[in-house]
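Structure first, commentary second.
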Amino acid sequence: MTALTLNINSIIKLTKEQFYQLCEENPDLKLERNAQGELIIMPPTGGETGRSNSSINAQIWFWNEQRQLGEVFDSSTGFTLPSGSDRSPDVSWVEKSRWDALTKEQKERFIPLCPDFVIEILSPNDSLKKTQQKMQEYIENGCSLGWLLNRKKQEVEIYRPGKDVEVLNSPQNLYGEDILPGLIVNLQKIWA
């Protein structure tokens, strides 16, 4: 089952508040919204994608617990990007000062900023092209580092502002660079 894009703009243009309420009233659906206002209905992930997501999220969470440099979020967290898109990366991280600058209410709702770091794990039914466009959207909205993991091809695409996408074939580890100093993510279980 692939993601379904629903264009309702000719009927209603959902405000941020209405979109948030729609998500709250339909907790069994994973919804995103692109900058054009189209709703994207995401199917649940399969077991291997969910396992991979948990493994990577745990590694980043443990690194962050040791360093205390920011906050780590799972795939259920919504972010309202500067472009107006509402996205939920598989794994994301926000630098501490940016998180601390948010009000309590902003922290309770979709976070009104673009994460500093994101990971998307390509599910078997995901469109590579649409996921690459989403990665580019994160970078255009202020993300400093993004990883797109393609388990089927055992490839990682690395996204950075102002640079061409770097493609790594079957890397065993990924590094957080200057954005997440000291982070080393082991991918051996992801490729297994």
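Nothing fancy with the numbering, it's 1 onward along the sequence.
Among residues at least two apart or in separate chains, side-chain hydrogen bond (donor to acceptor under 3.5 Å, both in side chains) pairs with a member in residues 146-156 are Thr49-Arg151, Gln154-Ser170. Applying the ring pair (Phe, Tyr, Trp, His ring centres under 6.0 Å) test to pairs two or more places apart or on separate chains, those with a residue in residues 26-69 are Trp63-Trp93.
Checked against side chain to side chain donor-acceptor pair (under 3.5 Å), Glu38 has the following partners two or more places apart in sequence or in another chain: Asn34. With sequence neighbours excluded, the residues that form a side chain to side chain contact (heavy atoms under 4.5 Å, CB included) with Thr15 are Glu17, Gln18. Scanning for ring pair (Phe, Tyr, Trp, His ring centres under 6.0 Å) contacts around Tyr138 gives an empty result, with sequence neighbours left out. Among residues two or more places apart in sequence or in another chain, the side chain to side chain donor-acceptor pair (under 3.5 Å) test is passed with Glu108 by none. A search for side chain to side chain contact (heavy atoms under 4.5 Å, CB included) contacts involving Gln132 returns Leu128, Leu148, Glu157, Tyr159, not counting sequence neighbours. Asp116 meets the side chain to side chain donor-acceptor pair (under 3.5 Å) test with Arg98; sequence neighbours excluded. Evaluation of the side chain to side chain contact (heavy atoms under 4.5 Å, CB included) rule for Ile184 yields Asn173, Tyr175 as partners, not counting sequence neighbours. With sequence neighbours excluded, the residues forming a side chain to side chain contact (heavy atoms under 4.5 Å, CB included) with Pro112 are Leu102, Gln106, listed by chain and number. The side chain to side chain donor-acceptor pair (under 3.5 Å) check on Arg87 picks up Glu32, Glu137, with sequence neighbours excluded. Remark: Lys16 engages no residue in a salt bridge (Lys or Arg N to Asp or Glu O under 4.0 Å) (not counting sequence neighbours).
Between the side chains of Ser75 and Asp90, not a single donor N or O lies within less than 3.5 Å of an accepting N or O.
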